[in-house]
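The structure appears below as structure tokens.
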Amino acid sequence: MTIFQKTLIPIFLFGLMSLHTVEAQDIQQAINALKDTLEVKEGKDRILVLKDIGMKFRSIDYDSAWYYTKLAYSEAEKLQNEYLKARMKVSYGILANGKGNMAQALKYYNEALPAIQSSQDHFAIGALYTNISNAYEKTGEVDKSVAYQLDALEEFEASKDSIWIAGSFNNLGSRYQAINEWELSKEYFYKALVIYERLGHGYYEALTYNNLASVYLHFEDFPKVIDYAEKSYQGFNSLGVQFESASPLYNLGYGHKGLKEFDKAREYFEQALEIQMEKGDWYVIVHLKNDIAETLDQQGRYREAESIATEALNESVQHGLELAEVDILKTLSSISENMGNYKMAHNYLEKHGVLLDSLQGLERAKEVLNLKEKYESEQKENEILRQQNALVEGELALKNRNSMLMGSGALLAVLFIVGFVIFREQKVKARNFARETALEKAMAEARAQENLKEQRLRIARDLHDNIGSQLTYLTSITDSAKRGIDKGEVFLMEKLTQMKQFSLVTISELRDTIWAMNKDEISLEDIKERTQQLAATIHEATDDEMRVKVEGNPTAKVLNAFVGMNLFRIIQESINNAVKHSGSEMIEVRFEAEDAVQIAIEDFGLGFNTSKESTGNGLYIMRNRAEKAGIDFNQESVIGKGTKVTLRVSAISL
């Protein structure tokens with residue numbers, strides 16, 4: 001199941017709706033009824049009616065939705081009512097989210113947050129938290145999404161609003177899908193459905209049917225997928241909400257695809273695509289095109305599949321939809337393999353792995369791992385503040401007593417009190433010193449634990465980057481060899497040769513990883529020594545026809561292990577590229593001593609046209625490594641004169 005299927009199917013969740021429920025009636029009739037009331041409304045009531053009209057138009061006409069919402073905001077500005085303006089900003093965010101622009105939606109939500117929070121309105125605060133949660137789910141920031149949704153549920157429980165409690169159950173069901181807790185997800189969706197059926201809210205019943213269809217899709221119970229998706233589709237159609245009916249169409253497509261009914265599956269995907277093209281939600285559009293490409297691939301219509309998948313990839317890059325790129329790259333890898341283009345299949349698979357890793361993100365992994373520690377730290381800080389306030393209040397009370405005694409007592413009493421105050425201050429200082437010492441010790445232990453987690457994450461990332469991708473491709477070659485066993489000995493020998501080459505590379509990568517794992521920091525001398533070992537290997541492998549000359553005397557500077565390892569990997573890849581493609585007999589590696597670390601790798605061979613996009617993964621991976629490790633990367637090439645790669649590390653641990 002793709003990332004899109006796991007996270008996007010229940011996209012029409014409760015939090016994306018307006019702050020009023022949708023009755024089980026024709027949307028246009030509801031809009032007309034609201035318009036009729038405008039003539040007798042004024043002030044705050046008129047603004048809220050305009051907002052409701054905008055939110056209802058969202059299901060059938062986005063241009064009209066924006067028009068009425070902007071009109072409501074304009075009238076709120078005239079009243080200089082900050083709370084109403086914030087409510088309209090929330091509506092702006094809902095409309096931006098519906099168009100797939102999560103960054104813009106979050107901007108509007110954050111602008112509205114202070115005024116909504118200060119209102120002490122549990123209902124409005126919970127609704128805003130829910131919308132923020134849904135936006136973060138689409139960006140893949142699951143930790144933030146869950147945190148906001150739990151806060152929203154707390155607000156709705158405080159307001160005793162059953163329908164929004166059910167909406168929170170729906171959204172939490174979606175969040176549990178994101179972390180693969182499918183049984184819990186199903187449980188929460190059924191909890192929501194019970195409430196909606198009891199209250200008679202047909203719209204949300206249809207929505208929850210669709211969410212349950214997505215759960216049964218994971219369990220590969222395709223008849224149930226089709227059953228629930230059909231109920232959802234009929235429910236949305238009976239209400240006349242065109243845009244929402246696209247979501248159950250996805251599930252109908254996935255259900256029939258699971259039953260190998262590919263023509264039906266493609267028909268449903270194309271119906272959903274037509275609706276989304278009208279709506280203009282590019283996040284969904286590119287995923288639907290990917291689904292159509294996968295279906296064509298399974299039907300053996302590879303050229304058509306490649307064409308639409310490539311189109312989807314270009315559009316995802318154009319609109320900055322990295323989450324979509326991950327799925328599309330995997331689809332293109334499968335299509336290329338089925339067409340017999342194994343090199344291109346490997347290229348797509350490599351890019352898929354690199355991009356997936358960057359989306360998961362080292363910093364985000366740290367944030368998820370440390371979420372509990374953050375909450376505990378916050379509680380400790382609050383406790384310290386309470387203790388400090390108690391000390392200040394105690395000192396203030398003491399000073400007041402001193403003043404009274406000084407005004408009515410004798411000099412002896414004054415001297416006694418001054419001495420007592422000094423004594424108390426010394427005791428307070430002693431207690432504070434002991435508390436600070438204990439706190440510093442606790443912080444030192446916390447830092448040690450953090451460093452240990454950093455090291456574990458670094459090791460895991462390096463193994464994933466450098467070993468995982470090689471093993472993945474070995475698996476791909478093995479599968480290909482199994483399928484082609486009847487193609488003859490030449491074909492099998494080619495596959496075995498490929499497996500041997502990638503095994504040798506994997507062993508080399510593992511040795512380098514172990515070398516880095518055993519160090520907290522890596523000196524430039526270490527990197528130069530490893531580079532010289534690589535040069536010796538190349539001399540031997542080419543019978544000295546190609547030489548790698550390592551020059552320069554590195555300073556005593558050191559790098560942290562993560563930066564140092566990535567710096568060596570880029571040097572290694574640059575040398576390997578020169579060996580494979582330059583045609584030069586000499587490659588120079590120069591370690592240059594400046595304020596920062598600078599290393600140049602230069603060949604004097606064929607060169608290439610840098611204005612043309614490379615079809616390989618080498619440059620892509622080197623740039624990705626450099627960006628994550630804070631390394632300035634520059635590559636220059638002149639046809640007939642050679643290629644030069646310059647690496648500069650300005651943000652290093654010395």
Minimum side-chain heavy-atom gap Tyr254-Asp291 below 4.5 Å: yes
Gap separating the NZ atom of Lys44 from the CG atom of Leu84, nearest 0.5 angstrom: 6.0 Å
Between OG1 on residue Thr208 and OH on residue Tyr203, distance to nearest 0.5 Å: 10.5 Å
Could you pull out every donor-acceptor pair under 3.5 Å between side chains of residues 219-228 and any protein atom, sequence neighbours left out?
from, atom 1, to, atom 2, distance (Å)
Tyr228, OH, Tyr190, OH, 3.0

Going by the rule side-chain hydrogen bond (donor to acceptor under 3.5 Å, both in side chains), which residues pair with [X] if we only count those two or more places apart in sequence or in a different chain?
X	result
Lys107	Glu111
His352	none
Ser64	Asp61

Between Asn134 and Asn97: side-chain donor-acceptor atoms closer than 3.5 Å: no
Phe57: partners by ring-ring contact (aromatic ring centres under 6.0 Å, His included), with sequence neighbours left out: Tyr68
Geometric cation-pi criterion Lys191 and Tyr188, 6.0 Å radius, 45° cone: yes
Lys/Arg-Asp/Glu bridge criterion (N-O < 4.0 Å) met for Lys186, Glu183: yes
Derivation and outcome, ring-ring contact (aromatic ring centres under 6.0 Å, His included), residues Tyr342 and His346: CA-CA 6 Å; Tyr342 301 110; His346 176 240; over 10 Å; no
Residues in salt bridge (Lys or Arg N to Asp or Glu O under 4.0 Å) contact with Glu197, at least two apart in sequence or another chain: none
